[in-house]
Amino acid sequence: MMKKISPMVYVFVTTLLLVTITIMCAMDFPFNWVFYLTVLGQILVVVMVYKVLTDDYKTDKTFEHFYEDRPIQPVEVKAQNEEEKLRL
């Protein structure tokens with residue numbers, strides 16, 4: 001039986017490849033190397049997006065929680081002259 005690979009592995013490998021391509025361009029590597037690795041990088045981006053979107057990750061967080069482990073508590077901020085404006 002094949003072990004399931006985490007989607008973060010795909011994200012890491014794709015990012016590493018695309019950063020390597022950027023360095024290769026800056027170092028004037030031959031065009032064919034950069035071209036073929038760029039094509040491979042584009043394929044890996046599509047595979048990465050597919051793996052991330054089809055992962056069976058479940059959460060009970062919503063946009064109200066900002067998708068964080070600890071929800072952001074609302075902070076009430078009052079201006080110093082806010083009371084004066086209300087009385088006028």
Side-chain angles (χ1 to χ4, degrees):
M1 185 163 45
M2 193 169 151
K3 185 178 177 184
K4 183 179 176 196
I5 299 175
S6 169
M8 289 308 295
V9 172
Y10 291 98
V11 172
F12 177 75
V13 169
T14 304
T15 303
L16 185 65
L17 176 70
L18 296 176
V19 168
T20 304
I21 292 170
T22 304
I23 293 169
M24 289 172 70
C25 287
M27 294 180 67
D28 246 357
F29 267 66
F31 175 76
N32 58 344
W33 282 52
V34 174
F35 176 76
Y36 292 125
L37 284 179
T38 302
V39 171
L40 178 65
Q42 291 172 348
I43 293 168
L44 281 176
V45 167
V46 172
V47 171
M48 174 192 67
V49 169
Y50 174 78
K51 292 291 185 179
V52 168
L53 292 178
T54 59
D55 188 34
D56 60 352
Y57 178 77
K58 303 274 190 278
T59 183
D60 60 348
K61 302 293 182 190
T62 64
F63 282 110
E64 293 173 359
H65 298 106
F66 295 102
Y67 289 104
E68 293 182 343
D69 293 335
R70 295 184 208 137
I72 296 174
Q73 300 298 326
V75 178
E76 186 176 326
V77 178
K78 274 189 171 179
Q80 290 178 350
N81 59 358
E82 189 173 338
E83 293 294 325
E84 295 174 13
K85 288 182 181 178
L86 292 176
R87 282 187 249 150
L88 295 174

Shared ILVMFWY cluster between [X] and [Y], side chains joined below 4.5 angstrom?
| X | Y | value |
| --- | --- | --- |
| V39 | F31 | yes |
| V9 | L53 | yes |
| M27 | M24 | yes |
| V49 | I5 | yes |

Check your understanding: I21 versus L18: any side-chain heavy-atom pair under 4.5 Å?
Key -> yes
Check your understanding: Between CD1 of I23 and CZ of F29, what distance do you get to the nearest 0.5 Å?
Key -> 9.5 Å
Review point. What distance separates L37 CG from T20 OG1, expressed to the nearest 0.5 Å?
Key: 8.5 Å
Revision key, fill the gap. Correct closest heavy-atom pair for M48 and V11 would be SD-CA, 3.5 Å
Review point. Looking at P7 and V52, what are the two nearest heavy atoms and their distance?
Key: CB-CG2, 3.9 Å
Practice item. Would you mind telling me which of L17, T14, L40, T15 makes a side-chain contact (heavy atoms from CB on, under 4.5 Å) with V45? Key: T14
**Study point:** Residues in side chain to side chain donor-acceptor pair (under 3.5 Å) contact with D56, at least two apart in sequence or another chain
**Key:** K4
**Study point:** side-chain hydrogen bond (donor to acceptor under 3.5 Å, both in side chains) contacts touching residues 25-50 (sequence neighbours left out)
**Key:** none
